[in-house]
Amino acid sequence: MDAQGGPGDMCKLEFAVQMTCEKCVRAVKSSLEGVAGVQNVNISLESEAVVVETTLPALEVQKLLESSGRRAVLKGMGSVESQNLGAAVAMLSGVGAIQGVVRFLQVSENNCIIDGTVDGLNPGQHGIHIHEFGDLSMGCDSCGGHYNPEGNAHGSPGQLDSHVGDLGNILADKSGRATFRFDNNRVKVWDIIGRSLVVDEGEDDLGRGTHHLSKVTGNSGKGLTCGIIARSAGLFENVKQICSCDGITIWEERDCPIAGPGRKKGHTNHAHL
Ligand code: ZN
């Protein structure tokens, strides 16, 4: 999965998980036990929080937690070291049912972890790129070209003389979902805030094709879904209470009320669904 070099750095993920008793804690603990790429699991019953260090995509860890029969919601992402160098998020929306969320976490000067999920794609490979402008006034068409501060030709993410915005491809499964996590040594969170992230309709040929657009865009077709890259809270910085009530998908969570009766623990009011 990691097309961008190496096994990847650990990062910390913080989840809100519904837990009411020690039995819940044990079930949640065993859901992560012995899983490769997950370590230092820290469970707090009192704050209904689970913090893990991992190299896995956030959605995979969330699915493992939910295999315990409890709802989990990602609350934050941070470096294993105490200090974050920066974090950002792009909420993607586009044609029809396509939507996604992609997080950027600068874990060191030389590594930006890019973690995301995009739903509603046609199965197969889709080019994904950081574009120069955070302008969605004409949808993905007003985002400009691939972010390219060094004036290079288009290429693959592992290649030093490619566009910095070239993130390669993401693979959508039969259900239309792409879940991914890359380590990227050229993207810096502080350079991309205010720009945009675009997922294209076709596969990026990584500059190796014969089409005249190969060295410009990878000939991956038009942008299907895009979002502005915005600064985001790191680990433990998200002070809003995240409800982990049953039935909320990762997409509905962002529409969940941040206060009021709908936020109360153990509530039965699912009006926000
Ligand atoms: Zn490019």
Side-chain angles (χ1 to χ4, degrees), residues 1-6 8 57 86 88-95 98-106 109-118 121-122 124-172 178-230:
M1 179 56 81
D2 184 6
Q4 316 205 359
V89 65
M91 294 293 189
L92 307 180
S93 55
V95 190
I98 301 175
Q99 48 190 348
V101 57
V102 180
R103 294 181 176 81
F104 299 84
L105 178 70
Q106 195 74 39
E109 282 288 325
N110 291 316
N111 191 14
C112 182
I113 294 176
I114 303 168
D115 179 293
T117 304
V118 183
L121 297 168
N122 287 327
Q125 301 280 1
H126 296 269
I128 181 169
H129 310 97
I130 297 163
H131 284 240
E132 191 174 4
F133 308 123
D135 176 3
L136 306 185
S137 58
M138 292 184 291
C140 307
D141 293 342
S142 44
C143 294
H146 298 173
Y147 176 50
N148 182 23
E150 294 155 17
N152 295 330
H154 178 79
S156 65
Q159 194 187 326
L160 278 178
D161 59 352
S162 64
H163 302 152
V164 171
D166 292 345
L167 304 183
N169 288 291
I170 56 175
L171 178 64
T179 302
F180 54 93
R181 178 171 153 169
F182 306 129
D183 287 56
N184 187 298
N185 62 6
R186 294 176 70 213
V187 169
K188 314 294 175 204
V189 160
W190 48 87
D191 289 334
I192 61 166
I193 286 168
R195 302 188 188 280
S196 55
L197 185 72
V198 182
V199 175
D200 296 333
E201 61 183 0
E203 178 171 2
D204 184 333
D205 67 19
L206 308 176
R208 295 177 201 130
T210 53
H211 193 277
H212 70 281
L213 287 176
S214 179
K215 295 285 182 206
V216 184
T217 65
N219 194 30
S220 50
K222 72 179 186 59
L224 280 180
T225 179
C226 40
I228 292 172
I229 301 170

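Remember, it's 1-based here, ligands and their atoms both numbered in the order they're listed. Computed from a predicted model, the values in this text were never measured in an experiment. Just so you know, these numbers use all the heavy atoms, side chains as well, and skip hydrogens, waters and symmetry mates.
- To the nearest 0.5 Å, atoms CD (Glu203) and CG (Leu206) are separated by 7.5 Å.
- Minimum interatomic distance between Asn152 and Ser162 (heavy atoms only, all atoms of both residues): ND2-O, 3.0 Å.
- Excluding waters, the count of protein N/O/S atoms less than 2.8 Å from the Zn ion (ligand 1) comes to 4.
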Test ring pair (Phe, Tyr, Trp, His ring centres under 6.0 Å) applied to His154 and His146, step by step: CA-CA 8 Å; His154 178 79; His146 298 173; 5.0 Å; yes
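- Ile130 and Val187 get closest at one heavy-atom pair: CD1-CG2, 3.8 Å.
- Legend: residues meeting side-chain hydrogen bond (donor to acceptor under 3.5 Å, both in side chains) with Thr210, ordered by chain and number and at least two apart, are absent.
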Stepwise side chain to side chain donor-acceptor pair (under 3.5 Å) test for Asn111 and Asp183: CA-CA 6 Å; Asn111 191 14; Asp183 287 56; 2.6 Å; yes
